[in-house]
Structures are given as structure tokens and as C-alpha cells.
Amino acid sequence: MGAIKISPDYNWFRSTVPLKKIIVDDDDTKVWSLYDAGPRTVRCPIIFLPPVSGTADVFFHQILALTGWGYRVITYPIYWDLLEFCDGFRKLLDDLHLDKVHLFGASLGGFLAQKFAEYTHKSPRVQSLILCNSFSDTSIFNQTWTANSFWLMPAFMLKKIVLGNFASGPVDPVMADAIDFMVDRLKLLSQSGPAVGSVKRELRYGYMDGHKHCDCSTAMTEPVFDQSALSTDAKEEMYKLYPNARRAHMKTGGNFPYLCRSAEVNLYVQIHLRQFHGTRYAAIDPSMVSAEELEVQKGCSAPSTETEES
């Protein structure tokens, strides 16, 4: 059994943070399963969107750490096709009475976060983006099979294709545990569930519209010295699309830094969200922010053109 699955932190998360189910559409067969932790008084929380192989609980490190610091955190698995995702997500925010949110998206979750920002660009619902190992053009995932054929594949073949993007060769024990945990999460995704739909979306739905993409505060976090599924060309395209984004370059972390380098990711998320402290878009309980910190924040609020943070 994987080390993460039996770890005290994961078991504490499972025992203290309930999985909620919400129906926001007329079709009651589509159910949002999400974790919503932290102070409910926060009206602009950070929402985490997992990669194609992940379930909502892959961000349990972030939920435990950020809620401990006073942030409100929501996470859930992505679902259905792109337009249904965007429309359903908008309805979900309405149901939760959330005007705007901060989005953290990993891989496909990051692509969908960008697409939702694009979808709502006339009436923005996204205050900021954090994109982890994400991409702007799904053509980088072109396969021999057409996207439609994924619906016909047995689960073991789908799993083999998805796992083909995972790191191969020797990895350190913490990263190996993260891969094992993600494989275990993938097993939970049934043939008719999010896995197939997510892969189908990943291979079919084009690219970001440069005229509609989010002009909100954007940050990118990615490992730079080890193997990940994201190609150099895909990274360069992201840099072109978001030239003013802040970049957090981690030395290692592979495809799942939020699992195997969680302390670094948590710190960077906190740094990113700090710029909103003292505003209506704060993702943190105001009582957790000192007056001294707010004064410092006001003095450092001028935006920089490009900041690289290690």
C-alpha cells in the first residue's frame, strides 16, 4: 500500500474534511463532489482543479496547510465536456454565492481554469490564476487514436496511456510515493467517470484565445530540473501567453509537486494570495492578517513586469 495513502496527514484529512455533493443543474445525474474547508466568511476562496489522473483529494496537503493559515480552500474533480464544465462551474459558484475566485490548476486542470477565465471574460469570475505544469494548446497531446476512440477503450488501456506521461526511471522516494498515489487515484476513476471524459477533452479542445485569456493576476509554478510530462515547447507557449506572469521555479517535483514538494507549493500559493490581503478578494480570514502585514503589503503592491521566484 502506498505511503501517502496510509500517512497520518492523509488519514487526518479524510477524517476531518467531509466530501460534499452538490447538484446545480436540472439534470440531477451530474453531481459536483467537492471539499470545502476553511472559514465560510471568505467570499473569494482558492479552488484547486486536479490533473486528468487525479481526484479531488490529491490536494490534501494544500487543504490542510492553507486552512491552517486561515484560507478557504475548495477542490473537486473536473467533469464532462468543456462547455458543460464551464457552465456547470459558473452555476456552482452561483450556488456557493461566490462572485470571484482564485484558481489553481494542475496540468489539464490548469487548461480548464484558463478556459473558464476565457468563458467568463465579459463578466469575469476569476480573480487570479496559478498554473502548475499546465498548457495552453491541447495539440501537444495528439495521439494515434482519435479522441472519440477513448470512449471505447477498456480501463486498463486508458490507464496505460495516461501513465505513459508519468516519470520513468529512478526517482527519489517521495516522488515515487506521489506517483503511486496518483496511480491509485486513477484506479478510482471508472470507465464512465471523469478519466475518460477528461482525456477526451484534453485531446480535442484546441487552444487558448489570445484575445480572451485572463488578464487577471497570473502565476506559474513548475519544476525545472527533472522530468515532467510538459514539453519545453508547451512551456514556451505559456510564457508567450502570459509574459507578465510570476514564475516559481522549483528544482524538482516532477508531474505532481503539490504532493511530493507540497511545502514549496503551499508557500508559493501563500505568497501569491498575499497581494489580495485587505481587499474584497482576500482568500483568507481577515483576523489572520496582522495590521503590520497589511502595511507592508500596501508598500509592496506595485506590480512587477516579471518576477522569477525560486
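- For the atom pair CZ of Arg40 and NE2 of His97, the computed distance is 12.5 Å after rounding to the nearest 0.5 Å.
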For Leu103 and Ile46, run side-chain contact (heavy atoms from CB on, under 4.5 Å): C-alpha distance rounded to whole Å, both residues' side-chain angles, the deciding distance at 0.1 Å, then the answer.
CA-CA 6 Å; Leu103 296 180; Ile46 181 168; over 6 Å; no
With salt bridge (Lys or Arg N to Asp or Glu O under 4.0 Å) as the test, would you mind laying out the steps for Asp99 and Arg43 before giving the verdict?
CA-CA 7 Å; Asp99 248 355; Arg43 307 313 305 164; over 6 Å; no
Begin with the C-alpha distance, continue with both residues' side-chain angles, and end with the deciding distance and a verdict on salt bridge (Lys or Arg N to Asp or Glu O under 4.0 Å) for Asp285 and Arg72.
CA-CA 8 Å; Asp285 185 339; Arg72 183 180 179 184; over 6 Å; no
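- A salt bridge links Arg261 and Asp172; the closest N-O separation between the charged side-chain nitrogens and carboxylate oxygens is under 4.0 Å.
- Annotation: His102 is not in aromatic contact with Tyr281 [ring centroid separation under 6.0 Å not met].
- Electrostatic pairing of Asp184 and Lys5 counts as a salt bridge here, judged by a charged N lying under 4.0 Å from a carboxylate O.
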Would Leu49 and Phe104 count as a side-chain contact (heavy atoms from CB on, under 4.5 Å) if you check the C-alpha gap in whole Å, the side-chain angles of each, and the deciding distance to 0.1 Å?
CA-CA 6 Å; Leu49 301 177; Phe104 180 111; over 6 Å; no
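- Within the model, atoms CZ of Phe256 and CE of Met175 stand 9.0 Å from one another, a figure rounded to the nearest 0.5 Å.
- By the rule that hydrophobic residues join a cluster once side-chain heavy atoms approach within less than 4.5 Å of another member, Leu34 and Phe85 end up as members of one cluster.
- The same ILVMFWY cluster, assembled from side-chain heavy atoms under 4.5 Å apart, contains both Trp69 and Phe59.
- Rounding to the nearest 0.5 angstrom, the gap separating the CG atom in Asn11 from the CD1 atom in Ile6 is 8.5 Å.
- Side-chain contact annotation: Gln62 with Tyr71, donor-acceptor N/O pair under 3.5 Å absent.
- Tyr268 does not carry Arg246 over the face of its six-membered ring by the limits of under 6.0 Å from the centre and within 45° of the normal.
- Annotation: the span from Thr16 atom OG1 to Leu64 atom CG amounts to 6.0 Å, rounded to 0.5 Å.
- Taking the six-membered ring for Trp and the full ring otherwise, the centers of Tyr35 and Phe13 sit less than 6.0 Å from each other.
- A donor-acceptor pair under 3.5 Å links the side-chain atoms of Thr75 to the main chain of Phe48, judged by distance alone.
- In terms of the salt bridge (Lys or Arg N to Asp or Glu O under 4.0 Å) criterion, residue partners of Arg90 (sequence neighbours excluded) are, by chain and number, Asp87, Asp94.
- Side-chain contact check for Gln275 and Ser217: at least one donor-acceptor pair (N or O, by modelled atom type) lies under 3.5 Å.
- For the 3.5 Å distance criterion, the side chains of Asp9 and Ser7 fail to qualify, holding no donor opposite an acceptor.
- Phe181 is linked by a ring pair (Phe, Tyr, Trp, His ring centres under 6.0 Å) to Tyr10, counting only residues two or more places apart in sequence or in another chain.
- No chain of hydrophobic side-chain contacts below 4.5 Å, direct or via other Ile, Leu, Val, Met, Phe, Trp or Tyr residues, connects Leu96 to Val42.
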